[in-house]
Amino acid sequence: MSADLPISEPKSLHFIEEIVEADRASGKHGGRVLTRFPPEPNGYLHIGHAKSICLNFGVAKAYGGATNLRFDDTNPVKEDVEYVDSIREDVQWLGFQWKGEHYASDYFPFMYDYAEYLIQQGKAYVCDLTEAEIREYRGNFHTPGKASPTRDRSPQENLDLFRRMRAGEFPDGARVLRAKIDMASGNMNLRDPLMYRIRRAHHHRTGDAWCIYPMYDFAHGVSDALETITHSICTLEFEDHRPLYDWFLEQDVEGRFFQRPLPRQIEFARLNLTYTVMSKRRLLQLVQEGIVRGWDDPRMPTICGLRRRGYTPEAVRAFTERVGVAKRDMVADAGLLEYCIREDLERRAPRRMAVLRPLKVVITNLADGEGFDVEVPNHPEDTSLGTRRLQFTRELFIDQDDFREEAPKKWFRLAPGAEVRLRGACLMTCREVIKDAAGQVVELRCEWDPASRGGNAPDGRKVKGTLHWVSAPQSLKAEVRLYEALFTQEDPMDVPEGQDWKALLNPGSLEVLTEARLEPSLAQAVPGERFQFERTGYFTMDPDSCAGRPVFNRTVGLKDSWAKIEAKQ
RNA sequence: UGGGGAGUAGCCAAGUGGUAAGGCAGCAGGUUUUGAUCCUGCGUACCGAGGGUUCGAAUCCUUCCUCCCCAACCA
């Protein structure tokens, strides 16, 4: 018997799943798994965040756990509610529901208490050095730092000063609270890192209640521990912050503040994509300088950009899974993202016909009133998507790309004297080419074979080329936006000596076609709806559409093996 | 030069001492009323390099090389 049982390979685990499984096996957290996604509300989420979101929510879900959404809002001068709304929307769009929604700012009172506790334990002190002096005293990679003159203040004095910092007795920047660790550490993060700074700024949640704000390293671990996060997943650049993360939590020696066991920070390699940039700074620049139309410009790697481009959450999730999780710096091939959206849409997108660059065709042997209806399937494999009726008329449009006056080798589209099939309708032969004064082909006069209704000839002759078409009188005019990569170079950050990075922008990243013609059924489309325009690609209706003026974005083109054949010739 | 990481096919990535999974890309065929999809086949990966241990090493030891991160009152 044995032989015919399908042997399903157990999916290999990535290193974070291994850690979680080991912790569950040892009963470390009683089998509990609680992760968190901790964005700072100071920008829009991009596909790199999507990887982190899928990882955090994915790992938790896989082990019966949950994930909190926590806004890391400890720097009021950079943060804004505008961003928290978009972040919530994007996470939900990706298909995830968080357990708790928290804000680091909710924990300010708790953090303050813990800071006072550290001061009382002699683990933190108020430093009076200026910003420049602090930098200078910190030393560098070669030389150890020097102790701040106020490093050995008594806990009482520190407590008094810290309370007065909070009370607003000192101007911004006058003093900071520092952890007392090791000014000679090879790890710069441990050279008495700042815990609090004075900053009179309006906070999007706490308003003007505070004039001192905690720093990331102090706030993050405390927030994690408070929420009883089990695994705190972040990117590689925080690797050498981990000793500090642990230090802050371990100073709760009496266990008065945090539940044990404490959360563990785990770092993975962030996602990079070819032909685009991911840094907030660059993305912001693209928006502010009008190089793109906004954060949701379909060329942007932002979640909202991908959404407007027509990507599905399923495709984005599949992509993040295929790129994997490891600790090696990586750059994912943009082609893999395209593969993932094609894979998804191939299955589910209803087919339609649309002519991007119209070329008029007149069927000379069909009188004006002699048009007929044809029924065409909405999906070649999935009959559950049904069919629709199209009218075949004397005047049609086909795509300019589908006609060549001089047919190259292996060309099986239309050419003078050539016969092609019009999808779902009939066979047709080109008899005459009409040009304008400039020599441009403006119209084709063709004959259809009335015996080939539906698309096949009774004599069984083979016709290799099948073209999409629309009825001229029945079609809808539309605007179609074609997108390509934003940059011409795989790594846009690798700017050649003495050149501006903007020289690497792709001038053809957006092409707007204003004369496209759609089959009439598309009049019912609504923004966000996705289709395959047969033989050209996957498209989604853009929210810019208005009555009588539909606008479609090309999500991604179909694979084009003819382009390859021709390129090789 | 101090500290922390990482090096397996063009891009990702399994592998955890027993003789290199898988995906994308690429190439070659087949099917096809989308040159799409689908199906089939195709890669000597000198496992960063050199030494060593072992019957046996991508996996252990050792030396070296390369790349990334860290010296914000950013996260």
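In this text, all values refer to a predicted model and were calculated from it rather than measured experimentally. We name chains A, B, ... by the order of the sequence lines, and we start the count at 1 in each one.
When ring centroids are compared, Tyr216(A) and His220(A) come within the 6.0 Å threshold. Between His203(A) and Phe108(A), the gap from one ring centroid to the other is short of 6.0 Å.
Going from the P atom of G48(B) to that of C42(B) covers 26 Å, rounded to whole Å. Separating the P atom of G51(B) from that of A58(B) is a span of 14 Å, rounded to the nearest Å. Between G10(B) and G43(B), the two C1' atoms lie 12 Å apart (nearest whole Å). Nucleotides U44(B) and C39(B) have their C1' atoms positioned 27 Å apart, rounded to a whole Å. Rounded to the nearest Å, the gap between the P atom of A49(B) and that of U66(B) is 15 Å. Remark: the separation of the C1' atoms in G18(B) and U53(B) is 16 Å, to the nearest Å. Separation of the C1' atoms belonging to A21(B) and A45(B) is 13 Å when rounded to the nearest angstrom. Comparing the P positions of A71(B) and A28(B) gives an interatomic distance of 50 Å, to the nearest angstrom.
Among the duplex regions that RNA chain B forms, those built from at least three successive Watson-Crick or G-U pairs under 3.5 Å are B:2-7 with B:65-70, B:10-12 with B:22-24, B:26-30 with B:38-42, B:48-52 with B:60-64, ordered by first number.
Look at Lys564(A) and you'll find a side-chain N or O under 4.0 angstrom from OP1 or OP2 of C27(B). Dashed line: the shortest gap from a side-chain N or O of Lys568(A) to OP1 or OP2 of A28(B) is under 4.0 Å.
Residues Val420(A) and Trp469(A) fail the side-chain proximity criterion, which asks for heavy atoms closer than 4.5 Å. Looking at heavy atoms from C-beta onward, Tyr196(A) lies out of side-chain contact with Arg166(A) at the 4.5 angstrom threshold. Side-chain contact between Arg281(A) and Leu284(A) is absent, with no heavy atoms from C-beta onward closer than 4.5 Å. Counting heavy atoms from C-beta on, the side chains of Lys327(A) and Glu239(A) come closer than 4.5 Å. In this structure, Asp128(A) and Arg153(A) have side chains that are in contact, with non-hydrogen atoms separated by less than 4.5 Å. A heavy-atom distance below 4.5 Å is not found between the side chains of Leu306(A) and Phe319(A).
Electrostatic pairing of Arg138(A) and Glu133(A) does not count as a salt bridge here, judged by no charged N lying under 4.0 Å from a carboxylate O. Under a 4.0 Å N-O distance rule, the pair Glu314(A)/Arg347(A) does not qualify as a salt bridge. Salt-bridge check for Arg242(A) with Glu267(A): passed, with a basic side-chain N closer than 4.0 Å to an acidic carboxylate O. Of the charged side-chain nitrogens involved, none lies within less than 4.0 Å of a carboxylate oxygen, so that Asp401(A) and Arg413(A) do not count as a salt-bridged pair.
Positionally, the nearest nucleotide of RNA chain B for Ser185(A) lies more toward the 5' end than for the other of Ser185(A) and Arg421(A). Mapping Lys410(A) and Asp333(A) onto RNA chain B by nearest heavy atom places Asp333(A) at the nucleotide closer to the 5' end.
For Glu381(A), taking side-chain heavy atoms from C-beta onward, the closest of the listed nucleotides A13(B), G5(B), A36(B) is A36(B). Nearest nucleotide to the Met330(A) side chain, out of A36(B), A6(B), C12(B): C12(B). Of the listed nucleotides (A36(B), C68(B), G15(B)), A36(B) has the atom at the smallest distance from the side chain of Arg351(A).
For the segment residues 335-343 of chain A, the set of residues with a heavy atom within less than 4.0 Å of an atom of RNA chain B comprises Leu336(A), Tyr339(A), in numerical order.
For Asp401(A) and A36(B), the CG to P distance is 16 Å, given to the nearest whole Å. Distance CZ (Arg535(A)) to P (U37(B)): 14 Å, rounded to an integer number of Å.
Residue contacts for Val331(A): at a heavy-atom cut-off of 4.0 Å it reaches the sugar-phosphate backbone alone, with no base atom in range. Contact annotation for Asp560(A): no contact, since no heavy-atom pair falls under 4.0 Å across all strands. Trp411(A) comes within contact range of at least one nucleobase, with a heavy-atom separation under 4.0 Å. If you check every strand for non-hydrogen atoms under 4.0 Å, Phe412(A) touches a base. Residue Glu534(A) is classed as a base contact, given a heavy-atom separation below 4.0 Å to a base. When heavy atoms are screened at a 4.0 angstrom cut-off, Val376(A) is found touching no nucleic acid atom at all.
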In the 5'-to-3' direction, what one-character label does each nucleotide of nucleotides 70-75 of chain B receive under the scheme B = base within less than 4.0 Å of a protein heavy atom, S = sugar-phosphate only, - = no such atom?
BBSBSB

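The only option from Thr312(A), Thr540(A), Leu558(A) that meets the side-chain contact (heavy atoms from CB on, under 4.5 Å) definition with Leu345(A) turns out to be Thr312(A).
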